[in-house]
Amino acid sequence: MSACTPTRHDRAPRGTPRPSLRRPPRLRPRIPAADVSASITVFLIAVPMALGLSLAVGAPLEAGLVAAAVGGIVAGLFGGAPLQVSGPSAGLTVVTAELIQIYGWRTTCAITIGAGLLQILLGTLRVARNALAVSPAIVHGTLAGIGVAIALAQLHIMLGGSPQSSVVANALALPGQLAVIGGSAPLIGALTIAVVLLWPRLPGRVGRTARRIPAALASVVIATAVAAVAAPGLARVDLPSWRSHAFPELPHGPVLALATAVFTVMLVAGLESLLAAMAVDRLAADRAGEQVKPSSPTSGSATAVPPQRSDPDRELRGQGVANTLSGLLGGLPVAGGVVRGAANVRAGATGRASSVLHGVWVLLAAALLVTVFEWIPLAALAALVMVVGVQMVSFAHIRNVHRHREFPVYAATVAGVIGFGALAGVALGVAAAGVVSLHRLGRTKIAVSEQDGRHVVTIHGQLTFLSVPRLTRALGQLPPGADATVELDGSFMDHAAYEAIQAWRGAQIAQGGSVAFTGRSGGSIALAGRSDGGVALTGRSGGVAAPTVAAAHSCCRPWTPWRNHHCHDRPTRPTHTTSTTSAISTTSLTETVASTPGSAPDTARPESAHRLRSGLTSFQRNTAPLVRDELARLASEGQSPSQLFITCADSRLVTSMITASGPGDLFTVRNVANLVPPPHALPTGTPPTDAPATPTAPATGGDDSVAAAIEYAVEVLRVESITVCGHSGCGAMQALLRGEPEAGPDGPRTPLWRWLRHGLPSLERMASRRHSWARISGRLPADEVEQLCLTNVVQQLEHLRAHEAVARRLAEGTLQLHGMYFHVGEAQAYLLTEGADSGAGHDEVFDRVGTEGPEPAARPTTCSTAHPTTCTTG
């Protein structure tokens, strides 16, 4: 029974006022200046892109502005990706253009509404994450095929011609278009492309200043200015009056074709939005990691806003609402875009206010800047969209899929999109992925050899029905009745392979032979049935053989609990939940076991011994070979840890895991509630002052156990820092809040409560008006228990300073003290701010530790907890 497991508490100790943790009243929300600045940057990118995509699909030009405004405002408010910016989608260009040619613009708006409603339905059913199960090769191939289609169509416009009805037709008509090239349109298009590509590479101080203007906006402005002077007769944007704006109508056409169109728009828009949200999450995490890095080891670090991870289901619902409204208002289909989202992150956006404001700016521009838009040459917009299409064919993606041997899937998807459309391309890519997977699954290597008069059949890979013909052919090579060993180097065998191998085994045994099944390491294994109809290859329980690949990969990871190790051969035993396991109780452990229904001490001991022996065996087999050299070095050189780590005895706190430390790094002291009794405190077994002292209970002195560890670490090991680590859900803190049970005439009746009396100063500190409450940066403590856990860390640091050895090293400046709080449920560490380390008083604020730690020091340290002042904010 863990001493620090979560408990429920419903009463406070007598005479102790319970602190009020009511949240302060909410004030009117303020929009950060960074979001305002980022919204302007994204707006300057979105407007030319919206006009260009409208031109590319043959829709009214104002439809792109409607989609940009609705995507920014509606998807920004209701979507699940706070930093993503939605608008007209480049990935939907080919699909939308085809729909407009077949059904007309107004019916296409109705299809957009249907796709939005379907997105809302799927987001409500929480299937968004399942969409991400599509192979990345298919997704990248779809985007690449669409990019090729966009580039070919816009190239015709840039050259002064008109695009054809299909990608193949555009490719075949391109030589003829190049033969009649002329006029100023190609020159304006070439100028636009040159500015887009060269603008981000402008050198020097002037270049740094100019790069603040988005390349898309700069290219359109420069091309417009040049065209106004050199080519006044060039075709330009023609925005019709908003009074003639086209709205949707009821769709006309075959129901199956319309349903396919709705599904295609939903699929392409949904996948593009979800993948863009993931990409924006990565960019935001990288930005937060860069912000948390300090400029110097002593200057502290900048405060970084933790990135908010996207909610795929909410994002899909938000995109559905935006598409529904965009279709109703006569706009293009909406999807999240990597280009706009990346620009938003790089511009310093902190939340969804940037996306919403960008939509507001688009609305204002659509109402007030119509005359300005009509100066833009069509060739400039076509060139801009063509660059976007070319950039959708990413050579980095091609190298990635080639490295993972999925290039056939990528190529099939690209060919399908170019030749037959987006939906057909996705279907062809899925079919190609299935063929590749079956090919890999069927590439099981089977070899037959003879060793010491015994036939050995070695099988590498999974055994499925695809490999049954080769399996039976290989087994048929063995003489009937011969002794054989089958070495299975895999983790699964389906029913067809199981039947084949068992039939052969039965025939061999019937003719006087013997058959043994072993794993790759030579240990014997059993063929255990699975609920999915397959057969798992597992080690025989009680044997000394190594576990097989299945066990190693599905259960036996080094950091998982014992109950997840060797789960195939663990004896089945009923589990029971009782209130006695959820609180620190004065009931003894033996009484608890005896009172638990179904529990039996005689069955617990064999299982415990089995777990211990299995764990030790696993260590000797898997871990010992990896650490043997390092432990041998430590054994010869002796230990020289850099840190004393004082934490709770709670079984959920794995110090080496949460600090990423190894042998020789931490000198660890664990006790109930991570307490550090002050030197003047009476030992836990000391009788009251009116009772005579005994040889085993001296009347004076501090707690010898913890004090001895502190003295040895500080004076002998010369550690550089001491960390006191508390954690969430500490049962000892909850017990203190519940109040001490009635004590006997000589004090508390149990050793547990005699020890917990060292935590009473923490309880008094929390209730005192002279001390500010410890708190977590960015939020209030969740409840009284968390408040006391935080306060207890601060109080134990004060006790630590009272020890003579610690005080002397602090005065010399050769020792640092750190406070740490670990939230178990969130797997999140928090560090006490710098004021607590310097000895100048406690800020009593615990800052969240991000994914980017400090730069590595010259001497190996345990982790960021060794020098937390380099990654926290004072």
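Each residue takes its place number in the sequence, starting with 1.
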Can you name the closest pair of heavy atoms from [X] and [Y] and give their distance?
{"X": "Leu756", "Y": "Ala735", "value": "CD1-CB, 4.3 Å"}
{"X": "Gly336", "Y": "Glu272", "value": "O-CG, 3.7 Å"}
{"X": "Leu736", "Y": "Gly759", "value": "CD1-O, 3.7 Å"}
{"X": "Asn344", "Y": "Ser354", "value": "OD1-OG, 2.5 Å"}
{"X": "Leu815", "Y": "Val719", "value": "CD1-O, 3.5 Å"}
{"X": "Ala709", "Y": "Val669", "value": "CB-CG2, 3.4 Å"}

Query - Evaluation steps, side-chain contact (heavy atoms from CB on, under 4.5 Å), between Phe846 and Val793 - result: CA-CA 10 Å; Phe846 289 77; Val793 172; 4.0 Å; yes
Taking C-beta and beyond as the side chain, do [X] and [Y] meet within less than 4.5 Å on heavy atoms?
{"X": "Ile646", "Y": "Phe667", "value": "no"}
{"X": "Thr655", "Y": "Ser661", "value": "no"}
{"X": "Ile710", "Y": "Leu800", "value": "yes"}
{"X": "Val654", "Y": "Ile658", "value": "no"}
{"X": "Leu760", "Y": "Arg757", "value": "yes"}
{"X": "Gln84", "Y": "Gln319", "value": "yes"}
{"X": "Ser310", "Y": "Glu315", "value": "no"}
{"X": "Asn671", "Y": "Trp755", "value": "yes"}

Any donor and acceptor pair, going by atom type alone, linking the side chain of [X] with main-chain N or O of [Y] inside 3.5 Å?
{"X": "Gln828", "Y": "Val849", "value": "yes"}
{"X": "His799", "Y": "Val676", "value": "yes"}
{"X": "Asp313", "Y": "Leu316", "value": "no"}
{"X": "Asp35", "Y": "Pro32", "value": "no"}
{"X": "Ser768", "Y": "Glu764", "value": "no"}
{"X": "His823", "Y": "Glu826", "value": "yes"}
{"X": "Arg848", "Y": "Tyr830", "value": "no"}
{"X": "Ser728", "Y": "Val824", "value": "yes"}
{"X": "His727", "Y": "Cys789", "value": "no"}
{"X": "Asn792", "Y": "Ala673", "value": "yes"}

Say you draw a straight line from [atom1] of [X] to [atom2] of [Y]; how long is it, rounded to the nearest 0.5 Å?
{"X": "Leu675", "Y": "Cys648", "atom1": "CG", "atom2": "SG", "value": "8.5 Å"}
{"X": "His818", "Y": "Leu831", "atom1": "NE2", "atom2": "CG", "value": "8.5 Å"}
{"X": "Gln816", "Y": "Leu810", "atom1": "CD", "atom2": "CG", "value": "9.5 Å"}

Query raised in the report: Are the charged groups of Glu630 and Arg633 less than 4.0 angstrom apart, N to O?
Result: yes
Requested in this report: Report the C-alpha separation of Phe645 and Asn674 in whole Å, then their side-chain angles, then the decisive distance to 0.1 Å, and conclude whether the side-chain contact (heavy atoms from CB on, under 4.5 Å) test is met.
Outcome: CA-CA 10 Å; Phe645 201 84; Asn674 48 273; over 6 Å; no
Query - Val724 vs Tyr821, side-chain contact (heavy atoms from CB on, under 4.5 Å): CA-CA, chis, key distance, verdict - result: CA-CA 8 Å; Val724 177; Tyr821 175 74; over 6 Å; no
Report task. Could you go through the side-chain contact (heavy atoms from CB on, under 4.5 Å) check for Leu832 and Leu797 one step at a time? Result -> CA-CA 11 Å; Leu832 193 60; Leu797 287 174; 3.6 Å; yes
Looking just at side-chain N and O atoms, do [X] and [Y] make a donor-acceptor pair shorter than 3.5 Å?
{"X": "Thr833", "Y": "Asp847", "result": "no"}
{"X": "Gln796", "Y": "Ser762", "result": "yes"}
{"X": "Thr723", "Y": "Gln643", "result": "yes"}
{"X": "Gln795", "Y": "Thr791", "result": "no"}

